[in-house]
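Below is one structure; the comments refer to it alone.
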2 protein chains.
Amino acid sequence: MTNEKLLSDFKDVLKKEGLKVTPQRIAVLEEIIKDKGHRESEDIYMAIKSRKTHVSRATVYRTLDILVQKGFARKLNLGDGRARYETKIDSPHHDHIICNECGKIIEFVNDEIEKMQEEIAKQHHFKLQQHIHQLFGLCKECQ
Amino acid sequence: MTNEKLLSDFKDVLKKEGLKVTPQRIAVLEEIIKDKGHRESEDIYMAIKSRKTHVSRATVYRTLDILVQKGFARKLNLGDGRARYETKIDSPHHDHIICNECGKIIEFVNDEIEKMQEEIAKQHHFKLQQHIHQLFGLCKECQ
DNA sequence: TTTATAATTGAGAATGATACTCAATTATAA
DNA sequence: TTATAATTGAGTATCATTCTCAATTATAAA
């Protein structure tokens, strides 16, 4: 999906919900798109400020909530007390391997595990809604 | 393992490390053993206070750290900002299914997934150290 | 284009779990 | 029993995130 399409989709969603299209909201989306990494709210806040758009931390958090809510972004909890955000658009479902030493984050996909999760949920009579699967260890460089 | 054995093991570990055996530390261990559930620090603090032992939140946190460090307890991060602790002794490795509605926590074990995790780590040249695998959804009662 | 209005913003205060500080207390070895 | 280093607890600090509310702004209607 092109960035223009994504931007106009976001604007459409905002309008449909009676929400306003503001420079701050656009800036947060742009930031998420530009660097497809796993970004902290503070990073995004700093990146936007260091350009031209005036923004506050509160607005960054609020906009990130909207993006997650509307399916444009995914929020990660890596257990270190700071949430990470990544684009959800054009990014198939994946989980993460995190280096305990340098913090590097790598994505992985495994359909077998996905299937087994469904199986496990069924066994316990759960209707599966989301999951967190994170592997922690030492990356090649840090061993 | 009997609770007496566990208690004396803990005392031994403390002594070996030059740490003191205090009523507060014993109380935290006992609390963790008694209710094998997934306990929050605040629960444990309240439970100990409601009996006879004088204790502070700080000491509960400090003792839980020791218990995790020494392999007596496991710390869970369920993404809601409060850590949970569970006995690690006599409890084979397992992961968790959590109900999004009522918060119920159920344990599951799946050796296949465990093996695949190792495989995935190897593929990415990681030395696996820990992992988090949590399924979230609606339990039978909450659907 | 102007106006009316409800949504948004930002500064700073609030929150909530957890960690830290340090003087007073206590477990332990001699 | 004593000396001493470890521990405790009360309260303060921290840090990410959320909330508050007055001022600002996007937007629909005129």
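The structure presented is a predicted model; accordingly, all values stated were derived computationally and were not measured. Note on naming: letters A, B, ... go to the chains in the order of the sequence lines (proteins, then strands), and numbering restarts at 1 for each one.
Heavy atoms from other residues, nucleotides or ligands lying under 6.0 Å from CD of B:Q69 number 12 at most.
Residue pairs meeting the salt bridge (charged side-chain N to carboxylate O under 4.0 Å, His left out) criterion with at least one partner in residues 90-112 of chain A, sequence neighbours excluded, are A:K104-A:E141.
One finds the CZ atom of A:F108 at 9.0 Å from the NE2 atom of A:H96 (value rounded to the nearest 0.5 Å). For the atom pair CD1 of B:I48 and OG of B:S56, the computed distance is 10.0 Å after rounding to the nearest 0.5 Å. Note: B:R57 CZ to B:I44 CD1 = 13.0 Å, rounded to the nearest 0.5 Å.
Remark: side-chain polar atoms of A:Q143 are paired, donor with acceptor, to backbone N or O of A:L138 under 3.5 angstrom. The main-chain N or O of B:V60 is never found under 3.5 Å from a side-chain atom of B:Q24 such that the two would form a donor-acceptor pair.
The salt bridge (Lys or Arg N to Asp or Glu O under 4.0 Å) search around A:E114 returns none, not counting sequence neighbours. Partners of A:D9 according to the salt bridge (Lys or Arg N to Asp or Glu O under 4.0 Å) rule, which considers only residues two or more places apart in sequence or in another chain, are A:K5.
Stem regions for DNA chain C, each three or more consecutive Watson-Crick or G-U pairs with both distances under 3.5 Å and listed by first number, read C:1-30 with D:1-30.
When all heavy atoms are compared, the tightest approach of A:C99 to A:C102 is SG-N, 3.4 Å. When all heavy atoms of B:Y45 and B:V55 are compared, the closest pair comes out as CE1-O, 3.6 Å. Contact detail for A:N100 and B:Q129: the closest heavy-atom pair is ND2-OE1, 2.6 Å.
Within residues 78-88 of chain B, the residues having any heavy atom under 4.0 Å from DNA chain C are, by residue number, B:G81, B:R82, B:A83. Contact check of residues 46-53 of chain B against DNA chain D (heavy atom, cut-off under 4.0 Å) returns no residues at all. The stretch residues 68-76 of chain B has no heavy atom under 4.0 angstrom from DNA chain D at all.
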Could you write out each protein N or O paired with an N or O of nucleotides 28-30 of chain D at a distance under 3.5 Å?
none

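Residues B:V109 and B:H93 fail the side-chain proximity criterion, which asks for heavy atoms closer than 4.5 Å.
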Check your understanding: Along nucleotides 2-14 of chain D, 5' to 3', which nucleotides get a B, which get an S, and which get a -, given that the test is a protein heavy-atom distance under 4.0 Å?
Key -> ---BBSBBS----

Exercise for review: Mind running side-chain contact (heavy atoms from CB on, under 4.5 Å) on A:F10 and A:V21 for me, showing each step along the way?
Suggested key: CA-CA 9 Å; A:F10 184 44; A:V21 176; over 6 Å; no

Exercise for review: Output, in order, the C-alpha distance, side-chain angles, deciding distance and verdict of side-chain contact (heavy atoms from CB on, under 4.5 Å) for B:T63 and B:T22.
Suggested key: CA-CA 10 Å; B:T63 304; B:T22 66; over 6 Å; no

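Per the geometry, CG belonging to B:D65 stands 13 Å off C1' belonging to C:dA17, to the nearest Å. To the nearest angstrom, P of D:dA16 lies 11 Å from CG of A:D43.
The side chain of B:Y61 places an N or O atom within less than 4.0 Å of a non-bridging phosphate oxygen (OP1 or OP2) of C:dT18.
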Using distance only, find each side-chain donor-acceptor pair of residues 70-79 of chain B under 3.5 Å and give its atom names and separation, not counting sequence neighbours.
| residue | atom | partner | partner atom | Å |
| --- | --- | --- | --- | --- |
| B:K70 | NZ | B:E17 | OE1 | 3.4 |
| B:K70 | NZ | B:E17 | OE2 | 3.4 |
| B:R74 | NH1 | B:E86 | OE2 | 2.6 |
| B:R74 | NH1 | B:H94 | NE2 | 3.4 |
| B:N77 | OD1 | B:G79 | N | 2.8 |

Using a 3.5 Å cut-off and no angle test, enumerate the donor-acceptor pairs between side-chain atoms of residues 116-126 of chain A and protein atoms at least two apart in sequence or in another chain.
| residue | atom | partner | partner atom | Å |
| --- | --- | --- | --- | --- |
| A:Q117 | OE1 | B:H133 | NE2 | 2.5 |
| A:Q117 | NE2 | A:H131 | ND1 | 3.2 |

Report, one line per pair, each donor and acceptor closer than 3.5 Å where one atom sits in a side chain of residues 25-34 of chain B; sequence neighbours left out.
| residue | atom | partner | partner atom | Å |
| --- | --- | --- | --- | --- |
| B:R25 | NH1 | B:K20 | O | 2.8 |
| B:E31 | OE1 | B:K34 | NZ | 3.3 |
| B:E31 | OE1 | B:R51 | NH1 | 2.8 |
| B:E31 | OE2 | B:K34 | NZ | 3.4 |
| B:E31 | OE2 | B:R39 | NH1 | 3.4 |
| B:E31 | OE2 | B:R39 | NH2 | 3.4 |

